[in-house]
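All chains are named by letter (A, B, ...) in the order of the sequence lines, taking the proteins before the strands, and each is independently numbered beginning at 1. On a predicted model such as this, the values are computed, not experimentally measured, just so you know. Reckoned from all heavy atoms, side chains included, excluding hydrogens, waters and symmetry mates.
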Amino acid sequence: MSEDTPSQAPPAEDQHDAHRLEQQRREKRDAIADLGVDPYGSATSDLIYLNDARDKYAKKADDAWNAETARAKEAGEDPNRDADQRPRVKVAGRIVLKRDGGKLIWLQLRDHTTGPASLFEDPEIPTAVKRKLDPDLQIAISKKDVEAPGFEIAQQFDLGDTVIVEGPLMKTRKGETTIWASAVEIASKSITPPPEKWSGLTDIDQRYRRRYVDLHTNPRTMWTMRMRSRLMSLIRTHMEARGYLEVDTPVLQAQAGGAAAKPFVTHMNALHMDLFMRIAPELYLKRLLVGGMPRVYEVSRNFRNEGLSPRHNPEFTSMEAYEAFGDYNTMMELAEGLVRACAAYVCDEYHDAGDLVLPFGDLNIDYADNFMQITFRDLFKNALGFDVDDHDSAMKAAPKHKVRTHTEEGAERAPILIINDLFEEAAEPTIDPQRPTFVTDYPSALSPLTKPKADDPAYCERWDLFIGNMEIGPAYTELNDPDVQAAKFREQLAGQGADEETFRNFDDDFVHALKVGMPPAGGIGLGLDRICMLLLNAKSIRDVILFPMMRPEAD
RNA sequence: GGGGGAGUAGCUCAAUCGGUAGAGCAACGGCCUUUUAAGCCGCAGGUUCAGGGUUCGAGUCCCUGCUCCCCCA
């Protein structure tokens with residue numbers, strides 16, 4: 001790390017304002033160092049969070065001490081220090097406001113448990129966020145009362161510095177809970193000027209790129225990310241309670257299987273071979289069923305080399321689970337229970353949330369009632385007016401719904417792909433976005449890893465869950481006949497040529513695993529980022545991913 | 001890939017018909033020991049995303065490029 005001290009080169013004439021502001025902060029940092037204090041602090045014990053500190057205020061002790069100081073003043077004596085029974089706390093926080101009164105300096109400190117006072121009156125901020133936070137905690141640093149060199153250090157404080165304060169809890173005349181500092185330390189000098197103190201960082205690009213600033217200036221972001229973490233934990237607990245074993249399977253794969261998507265390619269030097277980053281963990285998890293693990297799940301980071309959108313990040317997180325001797329109905333119960341449990345957890349954070357109804361943009365999504373069910377076939381026919389099997393009508397309807405009937409090379413696209421596009425274009429939007437809905441019994445041709453229905457093999461035992469106009473994930477009764485699986489792989493390879501939406505791999509080893517014998521099973525994949533979007537009311541997937549994909553900053 | 005919107009001081013934003021780029025916050029120099037987005041006085045801070053063009057004159061109009069947002073393929 002390079003040291004850039006003021007003793008080096010004085011500021012150049014043409015230096016930008018940002019550099020000037022940083023230089024001033026470096027000078028303050030060095031002034032602190034000159035007091036014999038490390039401006040970057042060290043390990044500190046006995047710290048409590050700001051909301052806990054606020055809770056320790058004791059009115060009785062505060063009143064008693066005020067009475068003693070009044071008495072002492074009247075008598076012209078020093079107050080009896082032993083009479084000070086006010087609880088003492090030691091806290092760390094970032095300075096978000098500073099009022100320098102000369103001999104008395106006021107600070108507002110923030111940590112992950114606090115937010116600006118204004119937030120609590122902002123109707124845009126969800127009650128859940130307000131409920132979870134306390135206002136930033138006030139500190140008073142009196143030249144008379146703080147031990148040396150605390151006041152000299154405090155005079156070098158800037159907005160954005162992280163500081164440690166110790167002292168008794170009192171209330172000001174206006175009734176604000178305050179730590180009256182007896183000792184002050186610096187934990188980390190901030191060289192970069194912070195965003196504007198009232199509006200914070202609002203530039204969406206900067207919020208994603210510099211999430212570390214977004215997190216401490218925007219309590220809503222902090223809340224969202226903390227809630228995401230808790231939901232992940234809740235999902236794991238939910239799965240463990242049902243006897244599922246969490247496993248890790250390869251991210252680097254010789255063949256990217258388990259879904260139809262473009263993979264990222266990378267290269268392994270040691271074996272002189274290209275590898276793919278997984279687009280789904282499915283085929284490995286099913287191998288574990290073959291191996292005798294009855295219930296497995298993986299919280300899986302998947303990678304798809306496709307576009308970015310408010311609903312797509314190239315790396316995203318899914319939860320896939322497989323249950324031996326289950327089927328797609330088993331998975332339906334699992335999914336509904338899991339989503340409802342997550343919704344209940346989030347609702348619990350809202351004071352005024354009704355019975356399991358959560359806002360998502362303009363929608364109010366109802367997680368209380370049983371999720372809706374409709375077959376692919378019925379939904380298709382209701383929306384388009386003809387049957388799924390009616391390929392002629394499909395071809396005629398395609399242009400109206402902006403669905404391509406031919407590839408860019410001019411070849412005819414397979415009817416099933418046109419059906420699928422029509423379904424996505426015209427049928428999916430007819431699903432009530434406020435009622436979570438399972439669309440069941442997809443065409444077998446769209447689902448090469450799914451077991452066909454015994455009474456109607458053109459359709460298969462698969463559902464997709466839709467909530468709030470988003471696809472949350474599919475589940476299957478898993479195909480476990482190796483010969484049928486091999487045939488479907490071959491069909492996919494041969495049938496659609498270069499069409500991107502088809503599987504392009506024949507996974508020999510997976511078929512081999514099925515030949516060893518996989519028990520009948522249900523499997524599920526849920527998009528966890530999207531579940532977080534729904535439950536935490538985030539308009540963009542980037543709002544629930546700490547560091548979303550961004551083009552590198554030009555410099 | 002196409003369409004629309006945006007990019008101005010460290011941050012948040014102004015700038016009328018094309019006519020001297022401004023404000024608040026932050027910073028800096030002062031005053032102030034119970035302040036509440038503290039206040040008062042003073043002082044600074046700009047490659048208007050980049051490059052080209054039109055014009056007496058461009059933040060503003062035109063062209064090209066870059067980045068972000070939204071919609072579409």
Side-chain angles (χ1 to χ4, degrees), chain A residues 11 13-28 62 66 69 95-110 115-122 135-146 151 154-161 170-181 190-210 213-214 216-218 306-312 361 398-399 401-408 421 424-425 469 500-501 539-543 548-555:
Chain A
E13 286 293 322
D14 62 350
Q15 211 151 24
H16 290 139
D17 200 40
H19 292 160
R20 189 174 54 80
L21 295 174
E22 290 188 358
Q23 198 56 36
Q24 288 165 350
R25 284 164 171 260
R26 287 198 171 87
E27 284 162 18
K28 291 189 194 174
D62 194 22
N66 287 336
T69 50
I95 301 173
V96 292
L97 290 175
K98 182 185 166 201
R99 296 182 285 277
D100 186 345
K103 296 182 185 116
L104 182 62
I105 298 170
W106 299 89
L107 306 178
Q108 299 286 343
L109 293 192
R110 179 174 305 166
S118 59
L119 169 143
F120 299 90
E121 276 125 50
D122 185 347
D136 298 325
L137 187 60
Q138 178 162 276
I139 310 294
I141 304 171
S142 161
K143 187 175 186 181
K144 181 165 61 72
D145 294 328
V146 70
F151 197 76
Q155 286 178 309
Q156 306 301 325
F157 282 166
D158 285 306
L159 298 184
D161 291 353
M170 47 86 73
K171 284 208 179 184
T172 63
R173 285 175 195 158
K174 295 282 176 66
E176 179 152 355
T177 307
T178 301
I179 300 175
W180 197 266
S190 179
I191 300 301
T192 304
E196 204 269 337
K197 68 184 183 186
W198 187 246
S199 50
L201 193 63
T202 63
D203 184 279
I204 195 77
D205 179 65
Q206 289 299 306
R207 284 184 49 219
Y208 295 145
R209 289 184 190 280
R210 310 221 287 180
V213 179
D214 185 30
H216 79 250
T217 58
N218 191 344
E306 295 167 358
L308 287 79
S309 89
R311 289 166 187 194
H312 298 86
H401 298 287
K402 290 179 281 182
V403 168
R404 294 177 298 147
T405 53
H406 292 76
T407 64
E408 280 169 26
D421 286 353
E424 288 179 5
E425 285 297 318
N469 290 320
E500 287 151 3
E501 294 150 58
K539 285 188 285 287
S540 168
I541 196 169
R542 293 176 160 197
D543 292 331
M549 178 60 62
M550 301 290 285
R551 192 185 302 271
E553 271 184 295
D555 191 55

* Asked: Considering heavy-atom distances to RNA chain B, does A/Gln206 or A/Lys103 have its closest nucleotide positioned more toward the 5' end?
  -> A/Gln206
* Structure fact -> Judged by nearest nucleotide, the residue sitting upstream toward the 5' end of RNA chain B, A/Leu159 or A/Lys143, is A/Leu159
[atom1] of [X] versus [atom2] of [N]: gap in Å, rounded?
{"X": "A/Tyr208", "N": "B/C69", "atom1": "OH", "atom2": "P", "result": "7 Å"}
{"X": "A/His312", "N": "B/C70", "atom1": "NE2", "atom2": "C1'", "result": "16 Å"}
{"X": "A/His216", "N": "B/C11", "atom1": "NE2", "atom2": "P", "result": "14 Å"}
{"X": "A/Asp205", "N": "B/C49", "atom1": "CG", "atom2": "C1'", "result": "12 Å"}
{"X": "A/Arg551", "N": "B/C49", "atom1": "CZ", "atom2": "P", "result": "19 Å"}
{"X": "A/Ile105", "N": "B/C32", "atom1": "CD1", "atom2": "C1'", "result": "12 Å"}
{"X": "A/Asp203", "N": "B/C25", "atom1": "CG", "atom2": "C1'", "result": "17 Å"}
{"X": "A/Glu22", "N": "B/C28", "atom1": "CD", "atom2": "P", "result": "14 Å"}

* Any idea which heavy atoms bring A/Arg110 and A/Pro116 closest together, and the distance? -> NH2-CD, 3.2 Å
* If you look at every heavy atom in A/Phe157 and A/Lys98, which pair is closest and at what distance? -> O-NZ, 2.8 Å
What integer number of Å spans the [atom1] atoms of [N] and [M]?
{"N": "B/G19", "M": "B/A50", "atom1": "C1'", "value": "25 Å"}
{"N": "B/U60", "M": "B/A21", "atom1": "P", "value": "13 Å"}
{"N": "B/C28", "M": "B/A9", "atom1": "C1'", "value": "15 Å"}
{"N": "B/G45", "M": "B/G22", "atom1": "C1'", "value": "13 Å"}
{"N": "B/A38", "M": "B/C25", "atom1": "P", "value": "10 Å"}
{"N": "B/A58", "M": "B/G51", "atom1": "P", "value": "15 Å"}
{"N": "B/G18", "M": "B/C63", "atom1": "P", "value": "16 Å"}
{"N": "B/G24", "M": "B/A6", "atom1": "P", "value": "26 Å"}

For nucleotides 1-4 of chain B, list the nitrogen or oxygen atoms of the protein found under 3.5 Å from its nitrogen or oxygen atoms, one pair per line.
none

Would you find a donor on one side and an acceptor on the other, under 3.5 Å apart, between the side chain of [X] and the backbone of [Y]?
{"X": "A/Arg99", "Y": "A/Leu104", "value": "no"}
{"X": "A/Arg26", "Y": "A/Ile191", "value": "no"}
{"X": "A/Ser309", "Y": "A/Arg311", "value": "yes"}
{"X": "A/Asp100", "Y": "A/Ile105", "value": "no"}
{"X": "A/Arg542", "Y": "A/Met549", "value": "yes"}

* Salt-bridged, A/Lys539 to A/Asp543, with N to O below 4.0 Å? -> no
* **Ion pair A/Asp62/A/Lys171, N-O distance below 4.0 Å** => no
Nearest of [options] to any side-chain atom of [X]?
{"X": "A/Arg542", "options": "B/U12, B/C68, B/A26", "result": "B/C68"}
{"X": "A/Arg20", "options": "B/C72, B/G45, B/G10", "result": "B/G45"}
{"X": "A/Thr202", "options": "B/C28, B/C68, B/U12", "result": "B/U12"}

* Hey, could you give me the CD/CD distance between A/Gln24 and A/Gln156, rounded to the nearest 0.5 Å? => 12.0 Å
* Side-chain N or O of A/Ser142 less than 4.0 angstrom from OP1 or OP2 on B/U33? -> no
Counter-base of [N], judged by Watson-Crick or G-U geometry with both distances under 3.5 Å:
{"N": "B/G1", "result": "B/C72"}
{"N": "B/G39", "result": "B/C31"}
{"N": "B/U67", "result": "B/A6"}

* What residues form a salt bridge (charged side-chain N to carboxylate O under 4.0 Å, His left out) with A/Arg207, not counting sequence neighbours? -> A/Asp214
* Base, sugar-phosphate alone, or nothing: which one does A/Pro116 contact when heavy atoms must sit under 4.0 Å apart? -> nothing
* Asked: Can B/C25 be described as syn, meaning its chi torsion is within 90° of 0, or is it anti?
  -> anti
* **Nucleic acid footprint by protein, nucleotides 34-39 of chain B - heavy-atom cut-off 4.0 Å, B for base, S for sugar-phosphate alone** => BBBBB-
